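Below is one structure, written out as structure tokens, with a few remarks after it.
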There are 2 protein chains.
Amino acid sequence: MKMSGGVEWAVHCCVVLSQAEGPVPTQRLAEYHGISRTYLAKHLQQLSRAGLVTSTEGRVGGYLLTRAAEDITVLDVILAIEGTEPAFRCTEIRMNGPFPPSPQACKRPCGVNRVMQAAEQAWRSSLRSVTIADLAAGVTDDNGPQTFDRVREWLAT
Amino acid sequence: MKMSGGVEWAVHCCVVLSQAEGPVPTQRLAEYHGISRTYLAKHLQQLSRAGLVTSTEGRVGGYLLTRAAEDITVLDVILAIEGTEPAFRCTEIRMNGPFPPSPQACKRPCGVNRVMQAAEQAWRSSLRSVTIADLAAGVTDDNGPQTFDRVREWLAT
DNA sequence: GAGGGTTTACTCGGATATATAATGTCCGAGTCCCTTCGG
DNA sequence: CCGAAGGGACTCGGACATTATATATCCGAGTAAACCCTC
């Protein structure tokens, strides 16, 4: 039960992208965060496939958010990187036992599975309630109001 | 972000153990669920290390719950198998950037990390609210009241 | 028949291989800006 | 001076190694019941 490290990278990148005025290439995002450029590219592709960011090629190309930062939740990013499959996958081992439940009882998911799904729903709800815009606001709170002005300036160079 | 399959096994085993009258060996638990004996043994060891079950060796040995099923939550089992480490591990990549936050701002965890921790707390709370006894009650609801009578009978053979 | 020592079968526990997924890297396809050449 | 065509450099995208984790397995250490032999 370990979340991919790429999730952290992707979320931070989305925060930066929410403050950018134009497309930001992978190279720039990677050196901003001090991480591997080639590996970050892989995760940005996943964000692209999920429709969170759009990519433009060419000399001044790069990545751009497809919608407002207020409309992108942290959960969206996580699902884009990790996939939409739930963490817990029921293998229905209750069927293997000497007393398998009746066919009609099997219509409902296994009790263990129900508990796991409920917990994952709680987890997702919590993550759905926070947007990239919220995180950006948190950065200005923690790190000063003019932080993103300097970031934009740095991105322009 | 995939949970170990052993969690499912361990939870189901705890439900069975909650209904057992004496120690149940790994062999019995494995064939009851139709799973690998040797691999299940590994997970039962983890439950033992976490203090959820106690093991008795010898001819009529096996595993036994250390406390009442009402006092064992699903979260307890998951933490025993998966470990207590959170799924999300912050690597503090905010430090690598050209504008690292001030030392005093770094006293607080990264904003991304705070969101992830909150979500994981919600997840854990949900799992903490369900006990092995609750799951056992669910089985009798789904599968008939005399289900565990037959299970006890089967375990005795 | 009773008691004690020994055997024995059964248990758990940790050390050891294999399969799968996460991590990290590389090179090719495509595109847009910039230069340059002609009118 | 203006316009268009060509070159070039930069971008993304998917295919390819490497490492960590999850999965699966095996054999040795320990224990308690059962047996047998002696008294």
Side-chain angles (χ1 to χ4, degrees), chain A residues 1-10 13 17 20 22-31 33-66 78 80-83 85 87-89 91 93 155 157, chain B residues 1-10 13 17 20 22-31 33-66 78 80-83 85 87-89 91 93 155 157:
Chain A
M1 251 273 287
K2 180 165 149 276
M3 184 179 292
S4 166
V7 170
E8 184 183 9
W9 298 5
C13 284
L17 287 176
V24 183
T26 309
Q27 173 69 49
R28 216 95 192 102
L29 287 171
E31 64 188 46
H33 294 107
I35 56 183
S36 160
R37 178 180 63 83
T38 52
Y39 191 27
L40 176 62
K42 192 187 195 77
H43 295 307
L44 291 175
Q45 284 172 37
Q46 295 180 277
L47 291 182
S48 178
R49 269 180 233 148
L52 294 181
V53 302
T54 179
S55 63
T56 59
E57 293 186 343
R59 194 179 177 80
V60 293
Y63 287 97
L64 218 58
L65 295 182
T66 55
I78 293 178
I81 301 295
E82 294 280 345
E85 289 284 310
F88 180 85
R89 268 95 120 181
T91 60
I93 64 175
L155 286 174
T157 60
Chain B
M1 250 274 286
K2 182 166 148 277
M3 185 179 291
S4 166
V7 170
E8 184 183 8
W9 298 5
C13 284
L17 287 177
V24 183
T26 309
Q27 173 70 48
R28 217 95 191 98
L29 288 171
E31 65 187 47
H33 294 107
I35 55 183
S36 160
R37 179 180 63 83
T38 52
Y39 191 27
L40 175 61
K42 190 187 196 75
H43 295 306
L44 291 176
Q45 285 172 35
Q46 295 180 278
L47 292 182
S48 179
R49 269 180 235 149
L52 294 181
V53 302
T54 178
S55 64
T56 58
E57 294 184 343
R59 194 179 178 79
V60 293
Y63 287 97
L64 218 58
L65 295 183
T66 54
I78 293 178
I81 301 296
E82 293 280 344
E85 289 283 311
F88 179 85
R89 267 95 118 180
T91 60
I93 63 175
L155 286 175
T157 61

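Bear in mind the structure is a predicted one, so any value in this text is a computation, not a measurement. Below, chains carry the letters A, B, ... as their sequence lines are ordered, and counting in each starts from 1.
- One can place CZ of B/Arg37 at 10 Å from C1' of C/dT11, the figure rounded to the nearest angstrom.
- When rounded to the nearest whole Å, the span between CG of A/Leu40 and C1' of C/dA22 equals 16 Å.
- Here A/Ser4 lies in heavy-atom contact (under 4.0 Å) with sugar-phosphate atoms only.
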Given side chain to side chain contact (heavy atoms under 4.5 Å, CB included), test A/Leu44 with A/Leu29 step by step and report yes or no. CA-CA 10 Å; A/Leu44 291 175; A/Leu29 287 171; 4.0 Å; yes
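- Between A/Arg28 and A/Leu155 the shortest heavy-atom distance is NE-O, 3.7 Å.
- Across all strands shown, A/Met1 has heavy atoms under 4.0 Å from sugar-phosphate atoms exclusively, and none from any base.
- Ranking C/dC33, D/dA33, C/dG30 by closeness to the A/Glu57 side chain, first place goes to C/dG30.
- A distance-only check finds a donor-acceptor pair linking the side chain of B/Thr66 to the backbone of B/Gly51 [under 3.5 Å].
- Nearest-nucleotide positions on DNA chain D place A/Arg59 closer to the 5' end than the other of A/Arg59 and A/Leu44.
- C/dT20 atom C1' lies 12 Å from atom CZ of A/Arg89, rounded to whole Å.
- Judged by distance alone, the side chain of B/Glu82 and the main-chain N or O of B/Ser4 form a donor-acceptor pair under 3.5 Å.
- Between B/Ser55 and the phosphate of C/dG13, there is a side-chain N or O to OP1/OP2 separation shorter than 4.0 Å.
- When the nucleotides C/dG24, D/dT11, C/dT11 are ranked by their closest atom to the side chain of A/Tyr39, C/dG24 comes out on top.
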Given the rule in the side chain to side chain contact (heavy atoms under 4.5 Å, CB included) test, do A/Leu17 and A/Leu64 qualify, once you have shown the distances and angles that lead to the verdict? CA-CA 6 Å; A/Leu17 287 176; A/Leu64 218 58; 5.7 Å; no
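- The distance between atom CE of B/Met3 and atom P of D/dT21, rounded to the nearest whole Å, is 18 Å.
- Counting atom types as modelled, A/Gln45 pairs a side-chain N or O with a base atom of D/dG14 as donor and acceptor under 3.5 Å.
- Evaluation of atom-type donor-acceptor distances gives no pair under 3.5 Å for the side chain of A/Lys42 against the base of D/dG14.
- Between B/Glu82 atom CD and D/dT21 atom P the separation is 13 Å, expressed in whole Å.
- If you take CH2 of A/Trp9 and P of C/dA22, they are 15 Å apart, rounded to a whole angstrom.
- Counting any heavy atom pair closer than 4.0 Å across all strands shown, B/Arg49 reaches sugar-phosphate atoms only and no base atom.
- Protein atom CD of A/Gln46 is 13 Å distant from nucleotide atom C1' of C/dG24, rounded to whole Å.
- A sub-4.0 Å separation between OP1 or OP2 of C/dC32 and a side-chain N or O of A/Thr56 is absent.
- Rounded to an integer number of Å, the gap from A/Lys2 NZ to C/dA21 C1' is 10 Å.
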